Amino acid sequence: MTSPQRAASTAVATTVATVCPVFLVGGLSVQMMAELGFTPAGLGLAVALYFTTSAVFSMWSGGFVERVGVRTAATAAVLLVSTALIGIAASVNYITLVAVMILAGPANSLGQLSANALLAKRVPARRQGLMFGVKQAAVPASTTVAGLSVPLIALTVGWRWAFGAAAVMALLVLFLLRGSAGDAPRPVHVQARKRPSSALLVITAAAALGATAANPLGTFIADYAVFRGLSEAWAGTTVMVGGLAGVGARIGVGWLADRRDSGRLTMISVMLGAGSVGLLVLLAPPLWVIPVGTAAGFALGWAWPGLLNFAITLRHADAPAAATGVTQTGVYLGGGIGPLAFGAIVDFWGYTVAWSMMAALMAAGATLMVFGRRMLLQTT
């Protein structure tokens with residue numbers, strides 16, 4: 001039987017490994033654009049395709065996890081992402097990078113949903129909020145690693161070595177998964193489920209809006225900081241600050257959710273609303289507000305996915321991976337649309353318009369989440 005601590009550590013390790021490609025590309029974007037020759041719009045397209053393939057495979061991945069079990073699905077995810085990381089390190093041009101990012105997308109959905117299922121099935125309900133927060137904190141933790149890799153690796157031995165090191169670290173997760181072979185949940189036969197309720201679809205749409213607005217933070221904040229006048233090293237530090245803020249916030253809201261009997265979706269709505277203000281802070285003239293706005297964006301506007309997974313798995317304890325596969329589709333779609341749209345807006349109208357539009361979308365997501373919660377309460 002897997003202990004809650006073992007389940008959390010395995011979930012975190014799997015999550016970190018499978019989200020590394022997109023955040024390393026974002027954190028090392030300045031160096032990669034200079035060598036591979038692409039623009040912010042090209043960066044947005046590469047990241048968009050990563051999240052789009054994650055979305056396409058999300059519902060299938062949820063069912064796959066329920067059928068074959070967490071260990072098998074997570075192992076497949078780690079092997080796939082390790083291959084992708086090596087492929088990025090060996091990229092010779094932008095086309096190669098895009099192709100490998102597409103390959104990394106399914107690894108993301110498999111890894112995330114494997115971790116969701118492990119926590120939902122092996123952690124007591126009274127502690128799931130915190131554990132989901134810890135697991136989801138692995139995502140901005142990857143941003144922190146990406147930020148640190150700029151001064152420590154990219155500006156010393158080159159950006160390719162950062163991806164090579166990440167591939168080795170991802171493969172090490174296999175030993176953790178192998179060690180828990182006897183503890184992995186048994187394969188579960190998943191019967192055909194009913195179509196998602198209207199309430200769940202509205203919540204998924206709200207998540208898509210929030211992810212559309214928040215995801216460009218991890219991808220573009222380094223380039224934006226350099227554009228505003230910060231050095232490349234300070235831009236990497238800004239990414240690190242945002243990642244740390246996101247880590248703390250995701251764990252904190254998970255801990256708080258465990259101490260509430262309800263209102264978790266309301267918490268998400270409040271966070272999205274406050275996060276939209278954080279995005280607008282990025283536009284203030286002083287350079288010192290860039291790390292502040294970045295921290296606010298990560299800690300408020302992008303710290304809710306774990307809380308959403310927790311809320312959904314509580315209502316779908318029989319098949320948590322399949323259920324969160326639906327809502328994660330919205331998160332991934334937003335993650336795909338956001339960088340693509342943001343990059344195009346930057347190329348045509350500049351960063352001011354881009355951040356303003358993302359702030360408006362995040363506020364809209366907050367509003368839609370309120371309606372989704374009301375619909376959900378009416379159906380239960």
Side-chain angles (χ1 to χ4, degrees), residues 17-58 60-61 76-112 139 142-143 145-146 149-150 153-154 158-167 170 208 211-212 214-224 226-227 239 328-329 331-348 354 358:
T18 54
V19 301
C20 246
V22 70
F23 287 104
L24 277 178
V25 167
L28 301 172
S29 60
V30 175
Q31 294 76 32
M32 295 180 70
M33 285 191 286
E35 184 172 338
L36 299 182
F38 56 94
T39 66
L43 174 63
L45 176 61
V47 175
L49 290 174
Y50 169 88
F51 281 105
T52 299
T53 53
S54 294
V56 169
F57 280 88
S58 183
W60 176 87
S61 295
V78 169
L79 291 174
L80 187 57
V81 80
S82 299
T83 302
L85 287 165
I86 294 171
I88 295 174
S91 295
V92 296
N93 52 41
Y94 176 67
I95 300 300
T96 307
L97 173 65
V98 169
V100 178
M101 290 295 282
I102 292 174
L103 174 67
N108 179 35
S109 59
L110 269 176
Q112 288 275 351
V139 177
S142 297
T143 303
V145 172
S149 68
V150 174
I153 301 179
W159 62 266
R160 297 179 187 275
W161 287 95
F163 287 96
T212 298
N215 208 57
L217 272 170
T219 306
F220 287 96
I221 197 62
D223 184 67
Y224 175 67
V226 172
F227 168 78
V239 175
Q328 282 295 118
T329 299
V331 175
Y332 292 145
L333 283 175
I337 295 170
L340 181 62
F342 191 92
I345 294 169
V346 169
D347 277 359
F348 283 101
M358 294 305 105

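One-based numbering along the sequence shown. Quick caveat, the model's predicted, so the values are computed rather than measured.
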Open item on the list: Contact between V98 and I102 at the side-chain level, heavy atoms closer than 4.5 Å - yes or no?
Closed with: yes

Open item on the list: If I compare all heavy atoms of A162 with all of L24, which pair ends up nearest, and what's the gap?
Closed with: O-CD1, 4.1 Å

Task: L333 CG to Q328 CD distance, which is reported to the nearest 0.5 Å - done: 11.0 Å

- [ ] Answer whether the closest heavy-atom distance between the side chains of T18 and L110 falls below 4.5 Å.
- [x] no

TODO: Answer yes or no: is there a donor N or O on one side and an acceptor on the other, between the side chain of S91 and the main chain of I88, under 3.5 Å?
DONE: yes

- [ ] Check whether any side-chain heavy atom of Q112 sits under 4.5 Å from a side-chain heavy atom of V19, and report yes or no.
- [x] yes

Task: Heavy-atom closest contact (A84 atom, A104 atom, distance) - done: CB-CB, 3.7 Å

TODO: Would you give the length of the straight line joining atom CG of L36 to atom CG of L97, rounded to the nearest 0.5 angstrom?
DONE: 6.5 Å

Open item on the list: Does W161, at its CH2 atom, have more than 12 non-hydrogen atoms belonging to other residues, nucleotides or ligands within less than 6.0 Å?
Closed with: no

- [ ] Starting at CD1 of I337, measure out to OG1 of T212 and round the result to the nearest 0.5 Å.
- [x] 5.0 Å

Open item on the list: For the CZ atom of F23 and the CG atom of L28, what is their distance to the nearest 0.5 Å?
Closed with: 13.0 Å

- [ ] Would you kindly say whether S29 and D223 are connected by a side-chain donor-acceptor distance under 3.5 Å?
- [x] no

Open item on the list: Quick one, Y94 and L45 - any side-chain contact, counting heavy atoms below 4.5 Å?
Closed with: yes

- [ ] For A89 and F163, work out which heavy atoms get closest and say how close.
- [x] CB-CB, 3.8 Å

Open item on the list: Does F38, at its CZ atom, have more than 12 non-hydrogen atoms belonging to other residues, nucleotides or ligands within less than 6.0 Å?
Closed with: yes

Task: Separation between CE of M101 and CZ of F51, rounded to the nearest 0.5 Å - done: 8.0 Å

Task: Heavy-atom check, side chain of D347 versus side chain of T39, under 4.5 Å - done: yes

Open item on the list: Please find the pair of heavy atoms, one from A211 and one from G335, that lie closest to each other, and give the distance.
Closed with: CB-N, 3.9 Å

Open item on the list: If I compare all heavy atoms of S109 with all of Y332, which pair ends up nearest, and what's the gap?
Closed with: CA-OH, 3.6 Å

Task: Residue pair V81 / A170: nearest heavy atoms and the distance that separates them - done: CG1-CB, 4.2 Å

Open item on the list: Does V22 form a side-chain contact (heavy atoms from CB on, under 4.5 Å) with N108? I'd like the steps, not just the answer.
Closed with: CA-CA 10 Å; V22 70; N108 179 35; over 6 Å; no

Open item on the list: Please report the interatomic distance CG(L43) to CG(L340), rounded to the nearest 0.5 Å.
Closed with: 10.5 Å

